[in-house]
Structures are given as C-alpha cells and as structure tokens.
Amino acid sequence: MSTDLAKAYEPKDVETRWYTYWTENNVFAASDAPDDTRPTYVLPMPPPNVTGSLHMGHALFCTIEDILSRYHRMTGHNTLWQPGTDHAGIATQLVVERLLQREGTSRHDLGREKFIERVWQWRVQAGDRILEQQRVLGVSADWSRSKFTMDPDLSRAVSEAFVRLHREGLIYRDTRLIYWDCEARTVLSNLEVENEPANGELFEFAYPLEDGTGEIVVATTRPETMLGDTAVAIHPDDERYKALHGKRVRHPFVDRLIPIITDAELVDPKFGTGAVKVTPAHDFNDFATGKRHKLEEISILNPDGTINAIGGDFAGMDRFAARKAVKKALDEKGLARGTKPHQLVLPRSERNNSIVEPMISTQWFVRTAPLAEPALAAVREGKTRIIPEEWSKTYEHWMSNILDWCISRQLWWGHRIPAFHCSGCAHITVTTDESPKACETCGSTDIHQDEDVLDTWFSSALWPFSTLGWPNDTLALKRFYPASDLETGYDILFFWVARMMMMGIHFMGEPPFKRILLHGLVVDETGEKMSKVKGNVIDPLDLIHGATFEQVVEKALPGAPLQEALKKFKKAYPSTAQMGEGFAAYGADALRFTLATYSPQAKRIPLSPKKIEGNRNFCNKIWNATRFALTYLEGARVGATAPPATLLANRWILSRLSAVAAASRTGIDDFRLDDASLGLYHFFWGELCDWFLELTKPVFADRTSAAAIETRDVLAYTLEAALRLLHPFVPFITEELWHRLPRPESPPLSLGLAHFPDDTVAPRDAAAERDMAVVQAIIGAARSVRSEHEVHPGAEVPLTLRTDDAELRALLTSQSVAIRTLVKSAGDPTIGPREAERPRGAVMSVAAGVEVLVALVGLVEGHKEAARIEREIKKAEKDIAALEKKLALPSFADKAPPEVVAESHAQLTALRDKRAGLEHARKIAAELD
RNA sequence: GGGCGGGUAGCUCAGCGGCAGAGCGUCGGCCUUACAAGCCGAUGGUCGCAGGUUCGAUCCCUGUCCCGCCCA
C-alpha cells in the first residue's frame with residue numbers, strides 16, 4: 001500500500017505498464033480445459049481489416065466488447081473474446097495496388113503469384129498495427145487465439161464450406177446480370193453497391209421505323225447503352241402507339257432490326273414519351289423484360305468499361321466518352337430529340353465510389369432461400385435475440401426478401417474458389433483437394449483452377465466456428481460454440497451478421513449466438529458521418545495521447561491548407577471552441593467511459609471531445625478521492641463482506657453501494673452500458689465524493705474514535721468495491737489504484753479477476769436512505785439561502801432547525817456535526833419545535849418538513865428576501881392549486897389506485913405546510929432591514 | 001415507391017401512463033489543507049402540431065408536418 005500519488009491523474013504513466021502486466025499474467029486467456037466447469041461467455045470480435053488502422057468505430061466496439069468481456073470474467077465466466085483480422089479482399093488489394101502504382105508498376109506487370117506474395121509481405125509489415133492499437137484501448141481479448149481469415153486453418157474451413165454447399169446444391173454457377181465495378185474489374189454483390197441520387201439528364205432520340213413510315217422516340221439517361229438495345233417497348237393499351245404493334249425499327253449505327261414489343265410491366269405510359277428502349281444486358285428491369293419476351297442479350301462493354309467490338313465505330317471508347325459520342329452521332333443523323341434535366345439514381349461501388357455497370361456475367365452464387373429460412377426462424381423463436389429489438393424488424397424484412405448471394409470476385413487477393421475447370425469435357429470439379437490431378441468426370445488432366453476468389457464476407461460468415469478449429473471437432477469448438485453474444489455495428493447486420501446466422505445454423509446445427517447486440521455509428525458532433533472528404537475524422541489515439549488541433553487536422557484533411565482544415569474541423573466539433581490549442585492526453589479510460597455513456601439504441605453517436613474531457617475529469621476525481629482516502633486508510637480492515645455500520649452516513653453509503661452494484665449489473669446484462677456507466681458516475685461523484693467523503697472529514701478529526709474506525713473500514717470497503725464496479729469501464733486507473741488500497745485477504749493478481757459486486761455487497765437500508773435524504777435536503781436548503789444572499793463561503797452563520805416531529809429532531813440532533821460541517825454554520829445548529837424561539841433577522845426556508853433558519857441579520861436586504869420568498873410561495877401555490885383540482889374530481893378518487901390518491905393527499909398536506917412556513921418567513925423578512 | 005427510426009432544456013441525449021431528468025453550456029459566489037481537471041448555488045422545457053383513449057398522456061392510439069437511415 002502506497003500513498004505517494006501524483007496530484008493529478010496521468011494516464012500515460014499507468015496504461016502501458018498495466019497492459020503488459022495483464023498479458024504477462026494471462027489475465028485474458030480463456031480455457032478449454034475439460035475440468036474447467038465455469039460457465040462460458042463467448043464473444044467473437046468483428047475482425048478489423050488487416051491493413052487498416054484504428055478509427056472511432058473500432059474504438060467504440062472495442063470499448064463495448066471489452067466492458068462485456070471484463071464484466072463476464074469478473075462474474076466468474078470462462079470468457080473467450082475471440083480476436084483476429086480480416087483479409088478484406090478489395091480494400092487490401094487496392095492498398096497494395098496503389099503502393100505498386102507509386103513504384104511505377106502494377107499487379108498486371110507483376111503477375112498473380114508475385115502480386116499475392118507482395119500482399120503477404122505487406123500484411124506482415126502492416127498487419128499487426130491494428131492489433132497493437134487495440135491494446136492501447138485496453139482490449140482484453142485472448143490474443144493467444146488470434147486468427148486471420150487467410151490462415152491455413154481458416155482457409156481450409158472456407159474451402160470445406162464451399163465444397164459442402166456446392167455438393168448440397170446451395171452453391172451454383174450461373175450467367176446473369178450482375179453489378180460490375182469497372183475500376184476494380186470485379187463483380188460486386190448487390191449489398192456492396194450504394195445507390196446515390198444525382199442530377200442528370202434525360203436524353204431523347206428517335207428510332208426510325210423499318211418500313212420508313214415514321215419513327216418512335218425513346219428517352220434514356222445512358223445513351224451509350226442503345227448500342228445494346230434489342231427492343232423498344234410500349235404499353236399495350238397506349239392508343240398513341242396502337243399502329244406500331246408488331247413493327248420493327250432500324251438501329252442507326254449497327255446493322256440490326258429491333259422489334260417493338262408491348263409490355264405493361266416495364267412501361268409507364270405517363271413517363272417520358274411512353275416508349276422505352278430495352279437493353280437486357282445492361283439494365284435490371286430490361287433484363288427481366290428480355291426474359292419475358294425472349295430477347296437477345298447483347299453486352300457492349302469490356303471489363304474495363306470501354307465499348308467492345310459490338311459497338312462498331314464506338315469500340316474502344318470509355319463508356320463516358322461513348323455517351324458523348326453516341327449523342328453527337330445521333331444528332332448528326334438528325335435523330336436527337338433534345339434533353340431534359342432529370343433526377344436519377346447512380347449505383348456506385350461502396351469501395352472505390354466508381355459508377356458500377358449492370359453486366360451479363362458468369363458467376364458463383366449461394367442459394368440463400370433455404371439458408372435464410374432457419375435463420376429467420378431462430379430470431380422469430382427467440383433462440384437468438386436481437387438487441388435493441390427494433391432491429392429484428394429490419395432483419396426479418398431483409399431475410400424474407402433475400403436475394404441469392406454472388407460470392408465470386410475477379411480479384412487476386414482472397415480465397416481462391418476450389419473449383420477446377422476441365423478443358424476436355426468442360427465439367428467443373430469442386431474439391432477441397434488443393435491440386436486435383438484429373439477431372440472427376442472424364443479423367444482429363446487438363447484442368448485449371450477457377451481464376452476467381454471468394455467474397456471476403458464468405459469467410460467472415462464462418463468466423464464463429466472457423467476460429468475454433470472447424471471442420472475439425474476440437475475441444476474449443478465444443479466449449480465455445482455457440483457464442484453468447486455477437487456485438488457489432490448495425491451497418492453490417494446484412495453483410496455479416498445475417499450471413500453468420502445462415503452459415504452457423506447450416507454447418508453447426510444451431511445459431512452462432514444467443515444475442516446479437518447492435519450499436520450505432522460514430523459521427524462528428526454535428527451528426528455528420530466521419531470522412532476524409534469532410535475533414536472531420538478524429539484518430540482515437542490523438543484523444544488518448546493528446547494532440548494539437550494542427551496535428552489533428554493534418555490527418556483529418558491531409559494536404560489541405562491548415563487554416564481551411566482547422567475551420568472545417570472546428571465546425572464539425574463546436575465544443576472544441578472551448579478547448580484551447582488541442583486535445584490533452586485524456587487517456588484510454590476517459591475515451592472508453594465516454595463511448596460507454598452513449599445509448600446503444602441511438603443510431604448515431606455524435607462524438608463530443610468536450611465529453612471526453614469531462615470524463616478525463618471523472619478519472620481525476622477517482623484518482624483524488626482515492627488519494628484522499630488513502631491518508632485515512634492505514635490499518636483498515638477489508639473483509640469479504642461489508643463491515644458493520646452504525647452511523648447514518650456509513651449505513652447510507654453502503655446501501656447506495658448495494659443499489660449501484662445491482663443497477664450496474666442490470667445495465668450491463670441488458671446491454672444498457674449507458675445506464676450502468678452513468679449510474680456509476682453519479683454514485684462515485686455525486687454520492688461518494690460530494691457527500692460521503694465530505695461527511696467523513698469531521699469524523700476523521702479524531703482518528704482513534706470508534707466512529708472514525710468504523711468510518712475508515714466502511715470507506716475502505718466501499719472504495720474497493722467501487723473500483724471493482726468501475727473496472728470494466730475504466731480498467732487502467734482502477735487497476736492502478738486497487739493495488740494501492742487495502743483489499744480482502746489473498747486478492748487475485750489483477751482487478752480484472754476480482755469479483756464484480758452484486759446487491760449482496762452491502763445491506764440495502766431504506767431507513768438510512770430516507771434519513772439521509774432529509775439531512776441532504778436541509779443542508780441543501782441552508783446552502784441555498786447562503787448562496788442566494790451571497791454569504792461568503794468561508795463565513796460561519798448561526799443555523800436554527802425547527803420541527804414539531806420529535807423523531808426528526810432526534811435525527812437532526814444526531815447529525816448536527818454533519819449539518820454544521822456541510823452548511824458551515826456557527827456551531828451546532830439549534831434544534832427545537834416550531835414555537836421555539838427563533839433568532840432575530842433569520843432567513844427561513846422549508847425543507848423536508850423542517851424550518852431552516854439562517855441568521856443573516858445585517859447581511860441581507862429584507863425586501864430582496866421578501867421577493868425571494870414571494871416567488872417560492874407562488875410556486876407552492878401553483879402546485880397546491882393543481883393538486884386540489886385533481887383531488888376535487890370525483891373520478892380521480894374513484895378510479896385512480898388508492899396509493900396514488902393517498903400520495904396526492906400527502907403531497908397536498910406537505911405543500912400547505914410549506915406555504916404556511918413561507919408566509920411566516922415573509923413576515924419575519926421585514927426584520928432583516 | 002416500400003420499410004424502419006427520430007422530433008424532450010441553448011447543445012447532445014436519457015425517460016415512455018402518476019411532481020419532466022443527465023452531461024455539457026450559461027449566470028453568480030469561492031484557490032474551504034483529495035481534486036480549479038475542483039467546490040457551492042442558480043438559470044433554463046406549451047416534451048413537433050392537431051385530435052382521441054384515460055381519473056390522469058411527454059409516454060398509448062389516429063392523423064399531420066419536419067428530419068434521418070435502409071431497401072427498390
């Protein structure tokens with residue numbers, strides 16, 4: 001035990017030291033030993049992108065999940081928080097491609113094999129950075145089990161899953177319309193495409209009729225696609241075009257006759273000209289129309305987005321150049337019929353923001369309907385609960401309308417599809433064998449592996465069991481599947497969570513988790529999404545270690561003029577206006593605590609630097625409260641149960657401790673970390689520091705008294721338990737302080753392994769809470785009078801308390817030292833019945849049925865006091881009137897529950913009493929002048 | 001167009017049938033020997049609008065206006 005604490009909390013001294021201690025002592029390790037009979041708590045961590053670096057979203061989930069993990073460890077659970085990283089196909093490939101670009105080369109120059117080698121190199125170099133950064137936050141995952149989705153064992157799980165699904169007919173290969181990313185040159189699943197509204201134009205042009213008798217005018221936002229048109233559609237009932245049924249038009253650029261078809265589904269006669277060009281190979285609606293009418297599907301694009309040979313004169317042009325060229329050519333032929341401004345929706349790649357093109361392509365798909373059904377049932381039947389519950393509606397809606405999942409990607413970095421094409425018979429051999437010798441049908445040895453890799457989400461879908469050794473039947477799998485909770489952002493509910501549900505149920509026979517916990521998105525203080533473009537990104541490490549605003553914005557808006565970047569940043573975070581030159585080193589605990597106090601049901605979490613500062617102050621409060629306590633705790637005995645308490649303040653704080661322990665547990669159990677953390681904040685600061693510590697001061701004046709010894713033991717016990725309660729939220733500071741405090745016999749080597757208190761930590765004492773509330777109300781009333789009359793905080797003034805309730809008088813007498821100290825009255829308060837003599841020139845207030853008289857003669861102006869009392873009387877009268885009106889209603893007395901009626905009567909009596917007292921006070925205010 | 005959510009103090013948000021809350025901000029007073037990263041006190045709300053149910057509505061229902069997000 002040591003008392004040499006610095007005057008203020010310095011997080012950086014403490015944080016790295018304890019993190020090392022925890023890992024050296026295996027505090028975070030889960031056990032799959034068969035003789036370990038503890039209940040398990042399993043939480044798979046969303047694996048961050050292996051080449052990424054820590055951002056606020058990571059900080060948020062790490063905080064939440066660390067709280068859950070530490071809490072369960074402290075409640076006796078064999079806790080596995082499963083960490084790892086994700087290979088993140090497109091994202092990682094893009095990073096390395098950009099690197100190569102800077103070196104003046106490209107992946108195509110390198111070739112597939114060399115390129116993949118290069119990515120592995122990069123992964124080794126950059127891949128552990130994010131894991132190191134997670135440690136800074138205090139992440140208590142079992143690092144010894146850390147996995148990477150491209151590890152050999154996880155890769156095996158991927159090919160095993162693919163092969164099994166294929167064998168079961170749940171994976172198939174098909175040619176259909178997909179979204180194509182021309183920049184990355186790969187297919188994307190529909191989930192990876194974002195539809196963004198944009199201002200564009202509607203271009204109208206005419207197709208001449210084959211027979212030369214006229215023309216038909218169509219409208220389009222993508223003129224270049226007319227190169228692939230194979231029909232013009234009109235509504236069957238549209239009178240304007242009745243004469244054209246069955247006719248054909250001539251394509252102006254390529255030698256093709258195009259039928260005019262009638263289709264009631266595609267055509268809205270009120271939109272545009274009522275005639276629609278149909279391009280089945282480049283539009284989803286047209287594709288469906290094409291199927292209905294057996295139209296030819298003509299693809300006009302190369303994989304890189306240039307026009308292919310079908311486009312004739314336009315071949316080789318980029319799609320956007322071709323758009324201009326087609327318009328110009330139509331104009332030259334006299335077929336252009338003008339443009340109109342038009343609101344359209346552009347599909348963009350979620351990854352590189354490029355506009356994606358619907359294209360006909362052969363890809364691999366997962367048949368989702370049979371997988372979705374049990375995943376839907378699991379949530380409906382409550383086998384898996386989604387919290388906050390609102391999200392289950394979204395889950396239900398999506399799962400019920402799920403589309404087949406395109407899982408192939410034309411990338412090099414990822415799990416290569418375990419399918420081998422035969423050049424002989426064209427059969428595809430699907431096998432977990434990495435290099436099969438021959439085609440399984442014709443025996444030809446001329447086979448080659450599919451060039452494509454799998455969607456990254458395919459491997460993450462297996463995460464809850466692939467990390468535990470599946471498909472092997474391991475001890476870990478037996479013990480740790482299914483997981484208890486899955487905690488992640490709602491934005492990947494479909495991408496990841498839903499797919500884990502489907503795969504988990506399919507391969508393991510039961511859902512992968514008992515609960516799905518979803519949090520919101522961290523955004524800037526004004527509610528805007530964080531992005532490099534907006535310059536409002538905050539690096540969590542800058543909040544932990546400190547940074548000037550110049551340093552912050554250099555990262556937030558790289559390359560921009562400093563003043564401009566600063567302006568943008570400060571606008572995004574108005575609270576920084578009051579924060580000087582930058583962020584102080586707030587420490588990981590302050591950041592964590594702040595993130596924990598946001599409600600999980602909020603979709604947006606507007607990060608406020610000022611709040612973090614406030615919670616740094618809270619950490620400092622914890623630090624100083626302990627520093628204060630330590631000076632009195634020498635020789636304190638801390639047992640396994642609460643020490644006996646006879647004094648009101650001691651009984652009260654133990655009772656409050658018990659209440660906050662129960663509330664903390666409920667909060668964490670219900671995934672209301674905001675309730676739990678704010679409750680602890682209020683207990684520690686508002687009750688323990690503001691009241692209890694202040695009340696101990698007069699008691700400790702004589703350290704040898706029985707009262708002081710009892711108080712010392714209660715203080716030691718309460719503080720130790722409070723640190724245990726706070727530990728999951730603020731692990732560093734609590735661990736540091738805990739080791740300096742008197743603790744129960746043979747404590748565990750880390751606070752992280754101590755027991756998280758529950759309501760048995762101390763007796764609940766309703767009488768103590770009630771009595772203390774009276775004392776607090778009276779002290780508050782006296783302080784209020786003092787402050788309003790601007791009595792100097794150091795001045796001691798006589799205090800008189802009057803009540804006709806003898807029990808109350810006894811209580812006040814027993815607490816007279818406490819009242820004297822906290823009110824700073826001149827001597828003990830004079831306590832008597834109402835008719836007792838009152839000091840001349842006293843200002844009176846009424847609290848808890850007690851008249852509180854502060855003698856201020858000569859210090860106060862009477863008329864001011866009279867005015868103050870008048871205001872109070874008005875307030876009381878308003879409340880009285882409202883209550884009287886309510887009670888006068890016969891319906892209220894008849895229909896409201898009796899306890900509510902009785903309560904109202906009691907309130908009315910108390911208020912009338914108060915009014916009488918105040919009226920009296922108004923009279924005596926005259927004496928003050 | 002379909003679905004989901006939200007509108008409560010100056011700001012950010014809890015609360016969701018029985019006296020409207022927190023943090024921050026603002027204002028006033030204090031360097032009171034744990035903490036000025038602090039202490040004490042105060043100010044601040046037609047709970048988006050209109051109906052309805054109820055003894056009683058911020059809370060439940062209906063309508064309506066705004067604002068988000070997701071899916072087409």
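Residue numbers begin at 1 in each chain, while the letters A, B, ... track the order of the sequences. Heavy atoms only: backbone and side chains are in, while hydrogens, waters and symmetry mates are out. Please read these numbers as outputs of a predicted model, since none were measured by experiment.
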Base, sugar-phosphate or nothing for A:K610? Non-hydrogen atoms, less than 4.0 Å. sugar-phosphate

If we count only N and O atoms by modelled type, under 3.5 Å, do the side chains of A:T548 and A:E581 hold a donor and an acceptor together? no

Give the residues of residues 692-703 of chain A touching RNA chain B, defined as any heavy atom closer than 4.0 Å, sorted by residue number. A:L693, A:E694, A:K697

For the residue pair A:F583 and A:F569, categorise the inter-ring angle as parallel (less than 30°), tilted (30 to 60°) or perpendicular (more than 60°). perpendicular

Would A:K621 count as a cation-pi partner of A:Y9, with NZ or CZ less than 6.0 Å from the six-membered ring centre and within 45° of the ring normal? no

Presence of A:N617 side-chain N/O under 4.0 Å of B:rG38 phosphate oxygens OP1/OP2: yes

Under a 4.0 Å N-O cut-off, is there an ion pair linking A:D674 with A:R672? yes

Between CZ of A:R672 and C1' of B:rC16 the distance, given in whole Å, is 12 Å

Under 4.0 Å between any heavy atoms, over every strand shown, what does A:P574 touch: base, sugar-phosphate, or nothing? Just pick one. nothing

Write down the atom of A:F729, the atom of A:A596, and the distance for their closest heavy-atom approach. CD2-CB, 4.0 Å

Across the strands shown, which category fits A:S608 at heavy-atom distances under 4.0 angstrom: base, sugar-phosphate, nothing? nothing

Whole-angstrom distance between B:rU58 and B:rG48, as gauged at atom C1': 12 Å

A:W691 side chain N/O closer than 4.0 Å to the phosphate oxygens (OP1, OP2) of B:rC40? no

Is there a side-chain polar atom (N or O) of A:R783 under 4.0 Å from OP1 or OP2 of B:rG28? no

With a non-hydrogen cut-off below 4.0 angstrom, is A:F618 in contact with a base, only sugar-phosphate, or nothing? nothing

Along RNA chain B (nearest heavy atom to each residue), the more 5'-positioned of A:T526 and A:H397: A:H397

When rounded to whole Å, the CG to P distance for the pair A:L630 and B:rC35 reads 14 Å

Nearest whole Å is fine: how far is B:rG15 P from A:L678 CG? 11 Å

Just checking A:D690: base, sugar-phosphate only, or nothing, at a heavy-atom cut-off of under 4.0 Å? sugar-phosphate

What is the separation between atom CZ on A:R627 and atom C1' on B:rA37, rounded to the nearest whole Å? 12 Å

Send over the distance from A:E396 CD to B:rC70 P, rounded to a whole Å. 21 Å

Using only modelled atom types and a 3.5 angstrom limit, is any donor from either the side chain of A:E390 or the base of B:rC4 paired with an acceptor on the other? no

Under a 4.0 Å N-O cut-off, is there an ion pair linking A:R380 with A:E396? yes

What's the closest nucleotide to the A:T394 side chain, out of B:rC30, B:rA34, B:rC4? B:rC4

Between A:D589 and A:R616, is there a salt bridge with N-O shorter than 4.0 Å? no

Considering only side-chain heavy atoms of A:F494, which listed nucleotide, B:rC55, B:rA72, B:rC70, is closest? B:rC70

Using the closest heavy atom to pick a nucleotide of RNA chain B for each, name whichever of A:S784 or A:Q907 lands nearer the 5' end. A:Q907

Heavy atoms under 4.0 Å, any strand shown: does A:K621 hit a base, just sugar-phosphate, or nothing? base

How close or far is atom C1' of B:rC40 from atom CD of A:E790, stated in whole angstroms? 13 Å

Regarding A:C689, tell me which of base, sugar-phosphate or nothing describes its non-hydrogen contacts under 4.0 Å with the strands shown. base

Would you call the rings of A:F684 and A:F618 parallel, tilted or perpendicular, where under 30° means parallel and over 60° means perpendicular? perpendicular

Give a yes/no answer on whether the side chain of A:R604 brings an N or O atom under 4.0 Å of OP1 or OP2 in B:rC13. yes

Find the distance A:N401:CG to B:rC4:C1' and express it as a whole number of Å. 14 Å

Is the shortest side-chain N/O distance from A:S904 to OP1 or OP2 of B:rG18 below 4.0 Å? no

Taking A:R348 first and then A:E194, would you say they form a salt bridge - that is, a charged N and a carboxylate O separated by under 4.0 Å? no

Between NE2 of A:H792 and C1' of B:rG28 the distance, given in whole Å, is 14 Å

Taking the C1' atom in each of B:rC71 and B:rC16, what is the distance between them to the nearest angstrom? 29 Å

Does A:K393 place a side-chain N or O at less than 4.0 Å from the phosphate oxygens OP1/OP2 of B:rG5? yes

Touch class at under 4.0 angstrom, heavy-atom based, for A:K7 against every strand present: sugar-phosphate

